[in-house]
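Below is one structure, written out as structure tokens, with a few remarks after it.
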Amino acid sequence: MSVPEVGEQATGFAQRIETLLQNVLGECPDGYVSDPEGIPLRGGRTGYKIMQRAERGIPLDSDGEAVASLSFRYICSCKADGEWLQIDKSVIMITAEPDRLPIFHYDYNRVRTSETPGAHINISGSNDAATRIMLSPAGEALEAKVDAKNTSTKVPSQHSPPSTFPWEATDSGQGLKMSCKWPSTNSTSTPPTNGNNTSKPAEKNTGPDN
């Protein structure tokens with residue numbers, strides 16, 4: 001099987017994101033995802049930047065009211081000609097409307113430049129925006145649905161025991177930074193069994209087998 005050219009792969013990856021958002025958020029005639037933008041990389045290679053089409057982010061509505069927005073940015077490339085597209089960096093962020101106050105963002109860096117894990121979640125130290133959303137009619141409706149279902153699936157707090165919720169919170173001076181540290185394979189701790197993959201994240205690759 002021949003590997004498509006890098007630009008073709010980037011276009012295909014952008015289309016997969018578009019299809020996902022259309023299925024989850026509903027039809028958007030203009031599309032949610034912008035066309036991949038070519039950017040020069042070291043060694044004469046060409047990478048591609050993929051972002052949401054709306055500059056302020058994709059509105060996340062509840063009962064016709066935009067309570068938050070979703071924005072994302074992927075930097076993708078191929079290590080060499082004939083190889084599959086890989087994600088070099090990515091940021092996925094949720095902000096509260098109308099002031100675009102950050103709630104959290106998920107970052108990925110293929111090449112680590114510090115002790116920060118390659119994949120990590122940053123949670124705003126002052127989460128008044130998230131509190132406001134949860135106290136809004138949309139948040140109350142969601143809470144009522146959860147109570148009605150009496151679901152046993154709960155989102156554990158950052159104070160849960162490491163064996164069930166292995167997140168480490170550090171104060172970077174610009175908000176809390178949450179790092180996930182699953183127990184090693186030699187540990188007697190048992191990771192959660194809620195269907196999530198508890199193994200160490202593999203490198204992101206956008207090839208058809210991933």
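Worth saying up front: this structure is predicted, and the values here are computed from it rather than measured. Just so it is clear, the values below take in all heavy atoms, side chains as well, and ignore hydrogens, waters and symmetry mates.
- R56 meets the salt bridge (Lys or Arg N to Asp or Glu O under 4.0 Å) test with E97; sequence neighbours excluded.
- From I87, atom CD1 reaches atom NZ of K89 across 13.5 Å, with rounding to the nearest 0.5 Å.
- When all heavy atoms of C76 and D88 are compared, the pair lying nearest together is C-OD2, 3.9 Å.
- Atom CG of L101 is separated from atom OG1 of T95 by 8.0 Å, given to the nearest 0.5 angstrom.
- Applying the side chain to side chain contact (heavy atoms under 4.5 Å, CB included) test to D61 and every residue at least two apart in sequence or in another chain returns P59, A66.
- For the atom pair CD1 of I92 and CZ of F104, the computed distance is 9.0 Å after rounding to the nearest 0.5 Å.
- The two residues A14 and P36 come nearest to each other via the heavy atoms CB-CG, 3.9 Å.
- With sequence neighbours excluded, the residues forming a salt bridge (Lys or Arg N to Asp or Glu O under 4.0 Å) with E37 are K49, listed by chain and number.
- Checked against the 6.0 Å centroid criterion, the rings of F13 and Y48 do not qualify as a close aromatic pair.
- Within the 4.5 Å cutoff, the side chain of Y74 has no heavy atoms near those of the L85 side chain.
- Listed by first and then second residue, the side-chain hydrogen bond (donor to acceptor under 3.5 Å, both in side chains) pairs involving residues 18-34 are Q15-T19, E18-Q22 (not counting sequence neighbours).
- Atom-to-atom distance recorded for I17:CD1 and M51:CE is 11.5 Å, nearest 0.5 angstrom.
- Within 6.0 Å of CZ in R42 there are 12 or fewer heavy atoms belonging to other residues, nucleotides or ligands.
- Shown here for V6 and C78, the closest heavy-atom pair between the two residues is CG2-SG, 3.7 Å.
- In terms of modelled atom types and a separation under 3.5 Å, the side chain of R73 and the main chain of S90 share no donor-acceptor contact.
- Annotation: side-chain hydrogen bond (donor to acceptor under 3.5 Å, both in side chains) contacts of R45 (sequence neighbours excluded): S77.
- When atom types are taken as modelled, the side chain of E5 and the backbone of G7 share a donor-acceptor pair closer than 3.5 angstrom.
- What you find for D35 and R53 is that their closest heavy atoms are OD1-NH2, 4.3 Å.
- Follow the hydrophobic side-chain contacts under 4.5 Å out from L70 and you reach V24 in the same cluster.
- Rounding to the nearest 0.5 Å places CD1 of I58 at 6.5 Å from CG of L25.
- When the side chain to side chain contact (heavy atoms under 4.5 Å, CB included) test is applied to D107, the partners found at least two apart in sequence or on another chain are V91, H105, H120, N122.
- Note: the hydrophobic cluster containing Y108 also contains I50 (ILVMFWY, side chain heavy atoms under 4.5 Å, direct or indirect links).
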